[in-house]
Amino acid sequence: MAKQARAVQTWRSIVDAAASVFDDYGYERAAISEILRRAKVTKGALYFHFASKEAIAQAIMDEQTSTVQFEQEGSPLQSLVDGGQQFAFALRHNAMARAGTRLSIEGVFLGGPHPWGDWIDATARMLELGQERGEVFPQIDPMVSAKIIVASFTGIQLVSEADSGRADLREQVAEMWRHILPSIAHPGVIAHIKPEGRVDLAAQAREKAEREEQEARIAAEAKEAGSDPTADTGSRPGGAGLRGGGSARGTRAGQAGDEGDEEPAGAGVAAAGGAA
């Protein structure tokens with residue numbers, strides 16, 4: 001179990017570090033040496049998990065879709081809008097989302113998996129669900145509309161990046177939906193859709209940061225006063241142990257063994273296929 005936990009953590013460190021490098025430099029200029037430096041792992045450990053730089057890039061393409069969760073309950077169209085706004089927010093605050101998008105636009109996988117395939121498929125599924133629930137016009141082809149929506153979002157986020165560093169992306173995506181919704185949805189449904197999303201994610205993030213800052217300040221003041229409010233938790237049965245580590249999503253079968261400290265394993269476990 002200890003070896004598997006270490007393997008998961010190493011995989012996570014490599015992918016996170018690579019995302020920041022690809023975000024900064026793009027695919028061609030991204031150096032393995034810089035990924036190793038940021039991940040703080042050996043070359044042997046990296047090649048145990050990934051056979052090549054392309055395999056690392058594919059893992060990032062797979063991971064970026066995890067930044068969005070489409071709710072299956074309630075209005076499918078509102079869930080689709082909310083998912084788009086989630087990704088718009090992630091593009092401003094999440095290197096994984098930015099790296100995956102940059103890799104897609106650079107065409108790293110031309111001739112391989114479609115770089116937007118997962119996004120198109122997920123969008124089409126939500127439109128199909130919208131048809132089943134009477135929100136989307138029955139004559140609409142979900143796959144055709146999904147491609148238009150994904151292409152529109154991709155272009156809008158590029159223009160927003162050029163105009164404002166994506167500072168206005170939430171508003172621009174909302175405008176996109178105001179133009180698209182009348183062509184795919186019943187007017188009575190559109191009246192209840194919020195193009196900006198049901199949640200102001202930026203405000204939510206600010207509130208969370210302020211709450212965490214306040215909690216940290218209270219803890220520091222309590223510690224200075226000699227009455228650390230968490231000091232007694234370790235003495236209670238089943239108490240202060242660490243919570244489970246990060247997600248094992250993306251960890252490949254067979255990675256629980258030693259990761260190798262010096263020599264590359266060449267054909268080590270490559271990232272999963274599929275596109276984001």
Side-chain angles (χ1 to χ4, degrees), residues 1-69 86-87 90-122 241-276:
M1 291 298 293
K3 288 182 178 180
Q4 184 169 355
R6 185 179 68 177
V8 170
Q9 182 57 51
T10 301
W11 188 93
R12 181 81 266 159
S13 297
I14 293 168
V15 172
D16 287 345
S20 70
V21 174
F22 288 131
D23 181 31
D24 289 343
Y25 299 107
Y27 182 80
E28 293 298 333
R29 294 197 301 131
I32 290 291
S33 59
E34 181 61 13
I35 295 173
L36 292 172
R37 187 186 71 80
R38 296 190 189 188
K40 297 181 174 62
V41 301
T42 65
K43 185 180 290 187
L46 184 146
Y47 281 105
F48 175 84
H49 292 281
F50 300 101
S52 63
K53 185 170 79 169
E54 182 176 340
I56 303 173
Q58 185 62 63
I60 291 169
M61 300 280 283
D62 295 340
E63 282 283 294
Q64 67 163 330
T65 57
S66 67
T67 59
V68 172
Q69 298 293 327
Q86 285 178 36
F87 195 63
L91 283 170
R92 294 193 63 196
H93 303 282
N94 188 311
M96 191 71 65
R98 291 193 300 272
T101 297
R102 181 166 183 171
L103 290 169
S104 298
I105 292 168
E106 289 181 353
V108 172
F109 302 104
L110 291 178
H114 194 300
W116 291 282
D118 282 356
W119 293 116
I120 291 170
D121 290 344
L242 291 173
R243 295 183 182 179
S247 170
R249 182 182 185 277
T251 304
R252 310 295 177 252
Q255 286 186 351
D258 292 334
E259 296 173 316
D261 293 325
E262 297 298 337
E263 295 298 326
V269 186

| query | Got a donor-acceptor contact below 3.5 angstrom from the K53 side chain to the Y27 backbone? | reply | yes
| Gap between atom CE of M61 and atom CH2 of W119 - 0.5 Å precision | 10.5 Å
| request: Determine the minimum heavy-atom distance between I35 and I14, stating which atoms define it. | output: CG2-O, 4.1 Å
| said: Quick one, R98 and F22 - any side-chain contact, counting heavy atoms below 4.5 Å? | reply: no
| Side-chain touch Q64/I60, heavy atoms, less than 4.5 angstrom | no
| query | Is any side-chain heavy atom of T10 closer than 4.5 Å to a side-chain heavy atom of F48? | reply | no
| field | Shortest non-hydrogen contact between W11 and A59, atoms and distance | value | CZ2-CB, 4.2 Å
| query | Under 4.5 Å between any side-chain heavy atoms of T42 and L36, yes or no? | reply | no
| query | By side-chain hydrogen bond (donor to acceptor under 3.5 Å, both in side chains), which residues pair with R38, not counting sequence neighbours? | reply | S20, D24, E34
| note | Shortest non-hydrogen pair, A18 vs I56, comes out as CB-CG2, 3.4 Å
| query | Which residues pass the side-chain hydrogen bond (donor to acceptor under 3.5 Å, both in side chains) test with D16, sequence neighbours left out? | reply | R12
| said: So which atom in D23 and which in A99 form the shortest heavy-atom distance, rounded to 0.1 Å? | reply: N-CB, 4.0 Å
| query | How many angstroms lie between atom CG of L103 and atom CD of E54, to the nearest 0.5 angstrom? | reply | 10.5 Å
| In chain order, what residues pass the side chain to side chain contact (heavy atoms under 4.5 Å, CB included) check against N94, with sequence neighbours excluded? | T67, A90, M96, A97
